[in-house]
2 protein chains.
Amino acid sequence: MARRAASGDEGRRPTTIRDVAAHAGVSVATVSRILSGTYPSAPATRSKVMRAVRELDYVANANARGLAGASSRSVAIIVNSVVSPHYAHVAQGVQAQAALEGKLCIVGTTGGDSERELATVQLMRQEHAECVILVGNVVNDEAYRERMAEYARALALAGSQLVLCGRPPLGPGVPALVVEYDNTGGAYAITSHLLSAGHRRILFLGRRDGYTTPESRVAGYRKALADHRVPHDPGLEVEGTMERLEGYRMVRQRLAAGPRDFTAIFAGNDLIAAGARQALREHGLRVPDDVSMVGFDDLPPAADIDLTTVHVPHEELGRTAVRLALGRGQDQAGIQAGMAEHVLLGTHIIVRDSVRPLRNQAP
Amino acid sequence: MARRAASGDEGRRPTTIRDVAAHAGVSVATVSRILSGTYPSAPATRSKVMRAVRELDYVANANARGLAGASSRSVAIIVNSVVSPHYAHVAQGVQAQAALEGKLCIVGTTGGDSERELATVQLMRQEHAECVILVGNVVNDEAYRERMAEYARALALAGSQLVLCGRPPLGPGVPALVVEYDNTGGAYAITSHLLSAGHRRILFLGRRDGYTTPESRVAGYRKALADHRVPHDPGLEVEGTMERLEGYRMVRQRLAAGPRDFTAIFAGNDLIAAGARQALREHGLRVPDDVSMVGFDDLPPAADIDLTTVHVPHEELGRTAVRLALGRGQDQAGIQAGMAEHVLLGTHIIVRDSVRPLRNQAP
DNA sequence: CCATCGTATGAAAGCGGTTTACCAGCGTGT
DNA sequence: ACACGCTGGTAAACCGCTTTCATACGATGG
């Protein structure tokens with residue numbers, strides 16, 4: 001019986017639960033139960049086992065555990081890229097919450113390629129993650145919705161939850177959670193901020209039809225204009241993606257094309273704002289002395305360039321996604337119990353020094 | 001035999017390899033071998049199996065695979081925080097290389113707390129990651145070295161490789177790989193850059209004794225001064241951590257304490273530079289008109305504030321770590337074959353607009 | 001035409017846990 | 001004293017896959 005734990009303890013093979021059992025003089029089942037925690041056991045046995053674990057430096061094999069038990073104790077997050085600050089913050093939130101719940105976090109990237117996204121979801125499926133969190137801006141067409149519904153069903157069948165983070169809901173009947181933040185509301189608020197400062201001609205940088213995030217932001221911008229009875233000039237909405245270089249390009253082209261016909265800029269996000277600011281500077285224009293500017297996201301570049309912007313609860317987004325998915329998984333009844341399937345997190349304005357009342361601004 | 005795959009295909013239990021075998025009319029062994037790829041098989045059987053896989057939407061169970069086979073097909077990375085740009089880039093590199101090699105990437109964070117680091121390493125150990133990559137600046141004392149050696153041995157015993165990324169080597173006999181970049185060289189080069197511009201009194205921001213990264217950077221700074229025969233004034237080395245706020249604080253305090261006694265600043269990293277720049281501005285000083293400044297890292301803030309800095313191959317660091325660890329694992333002989341145990345990646349200067357020759361600078 | 005050998009496949013033994021029966025004691029209530 | 005419910009523990013059946021080991025089958029050589 002104690003054959004294993006015999007003198008030759010320096011064996012190459014890592015310690016298993018059987019070794020622990022032998023060493024402690026109990027059965028493997030007892031060890032398993034004591035380690036899992038959830039079971040009554042005599043204090044004496046408990047301490048015997050714990051001592052054996054310590055002495056043998058035993059660590060459970062997660063694969064075996066995941067195979068035998070129901071749960072793999074892991075959550076998956078899939079993002080475009082880990083270096084992009086927004087994704088990084090969401091990922092941080094996911095990781096933190098996962099750690100808090102004793103799960104580990106596995107991450108995949110797509111580079112924005114939907115083929116890779118598909119492959120990555122498959123990967124997570126075979127990993128049996130308890131939930132897979134898909135985050136990021138995306139084309140919102142029929143094909144997309146269908147694909148997501150497919151993912152959601154396949155994952156549900158494997159006992160795992162699909163969470164869409166920062167994406168719009170798919171519609172009823174699809175077993176997917178949605179956690180997003182109020183893009184339209186934020187855009188409305190910050191546009192109003194500019195309008196209150198007297199600005200009427202506000203350049204919107206980063207329109208991109210068909211993509212959910214920029215679309216919602218443009219929508220907020222337009223609604224604010226409308227509510228303030230400021231005529232809407234579609235010519236002020238410049239198309240471009242959400243990158244720094246694009247911000248640079250858009251402003252540069254605009255200024256090269258003719259005389260300046262705006263007094264303020266609403267950059268689709270802070271990256272665009274940073275690029276735009278550089279283009280302005282190269283053109284001899286200062287923010288906010290000559291042009292007012294606001295952004296969206298409140299990510300690192302914003303503080304560096306003193307940008308008034310919309311704060312987005314990036315980390316909270318990730319945290320909530322995990323909490324929700326795990327909560328729902330735990331309590332299957334949650335579904336019937338009407339646990340939230342769609343959460344909308346709020347945003348708020350961060351005022352820095354990038355906006356000046358129109359009257360105080362150089363012409 | 002075909003009991004499983006009988007009409008009622010809508011069973012709740014996910015598809016297993018047995019289902020596929022039954023559906024294709026072969027044995028599970030055959031399916032396993034064909035899916036693993038590495039084995040000869042008759043084309044006819046192969047296509048039968050593949051069809052079954054497709055029709056049943058089969059995905060292998062990674063836990064079972066990891067348990068039965070040797071490898072878990074995963075690499076682990078442990079960082080302070082995912083949002084910190086340096087770590088994010090390294091993580092991106094790790095993730096990318098892992099994906100390239102068909103492995104998945106699991107990430108843990110420590111928040112800089114060594115207790116959490118320990119716990120996280122344990123977590124990765126039980127996950128049986130093929131390698132665990134520890135990245136980040138750290139106190140380099142005896143206790144640390146001992147702890148790392150412990151980690152390395154425990155991991156090696158479980159068939160996994162410890163990789164220290166951006167940390168100095170531990171010494172011989174410890175089964176750990178090291179991938180770092182040339183901090184001292186970079187600091188030397190960029191200090192020389194300032195010296196060539198005529199600067200003699202260069203403030204170093206972010207000295208922190210006992211921590212490897214800042215220590216190496218200070219070392220390069222000092223060596224450059226020495227080589228250029230510029231007297232070294234210890235009073236010019238300001239202590240602080242590698243954060244934006246710290247940069248702000250350090251400069252603010254310095255300027256409040258007395259008249260400006262420097263003409264250039266070498267910020268320990270770009271974050272510090274950003275903070276320092278803000279403090280300077282609030283004090284009415286412009287970069288580079290009044291003060292020259294350089295940073296280190298070449299991370300996002302650098303471009304935004306037009307900072308001349310040292311480019312660090314962050315992603316390459318992560319990539320190399322994975323490549324090395326996996327390469328070594330695959331070919332156990334690699335150890336004897338003298339495969340690199342310590343890689344030092346080079347850096348180079350990125351010149352932007354933050355340095356002005358002393359003579360052209362305001363007094 | 002039989003012995004020989006290489007090859008594609010099958011049967012079964014684990015991998016290291018969890019979990020379901022099941023059982024030995026051991027007070028209690030009557 | 002006996003049936004009875006508890007408690008702390010055991011044995012053994014999986015979980016789904018990989019991987020020997022063994023085998024049937026064709027092709028080959030003498």
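Letters A, B, ... mirror the listed sequences (proteins, then strands); counts begin at 1.
Taking the side-chain contact (heavy atoms from CB on, under 4.5 Å) definition, one finds that A/Ala64 meets it with A/Asn61, B/Leu67, sequence neighbours left out. Partners of B/Ser27 according to the side-chain contact (heavy atoms from CB on, under 4.5 Å) rule, which considers only residues two or more places apart in sequence or in another chain, are B/Ala29, B/Thr30. Taking A/His128 as the reference, nothing meets the ring-ring contact (aromatic ring centres under 6.0 Å, His included) condition, with sequence neighbours excluded. Contacts of B/Ala24 classified as side-chain contact (heavy atoms from CB on, under 4.5 Å), with partners at least two apart in sequence or in another chain: B/Val26, B/Val49, B/Ala52. Every residue meeting the side-chain contact (heavy atoms from CB on, under 4.5 Å) condition with A/Ala21, not counting sequence neighbours, appears here in chain and number order: A/Val28, A/Val31. In this structure A/Gln126 satisfies the side-chain hydrogen bond (donor to acceptor under 3.5 Å, both in side chains) test with no other residue, sequence neighbours excluded.
Taking the charged nitrogens against the carboxylate oxygens, B/Glu316 and B/Arg323 do have a contact shorter than 4.0 Å, which makes a salt bridge.
As a whole-Å value, the separation of B/Lys48 NZ from C/dA8 C1' is 12 Å. Separating the CZ atom of A/Arg73 from the P atom of D/dC15 is a distance of 20 Å, rounded to the nearest angstrom.
The bend of the helix from C/dC1-D/dG30 to C/dT30-D/dA1, defined by the angle between the axes of its first five and last five pairs, stands at 50° to the nearest 10°.
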Heavy-atom contacts, protein to nucleotides 14-27 of chain C, under 4.0 Å, summarised as B (base), S (sugar-phosphate only) or - (none) per nt, yield BBBBBBBB------
For residues 142-150 of chain B, tabulate all N or O donor-acceptor pairs below 3.5 Å that involve a side-chain atom, not counting sequence neighbours.
{"unit_1": "B/Arg145", "atom_1": "NH1", "unit_2": "B/Asn140", "atom_2": "OD1", "d": "3.1"}
{"unit_1": "B/Arg147", "atom_1": "NH1", "unit_2": "B/Glu117", "atom_2": "OE2", "d": "2.8"}
{"unit_1": "B/Arg147", "atom_1": "NH1", "unit_2": "B/Tyr151", "atom_2": "OH", "d": "3.3"}

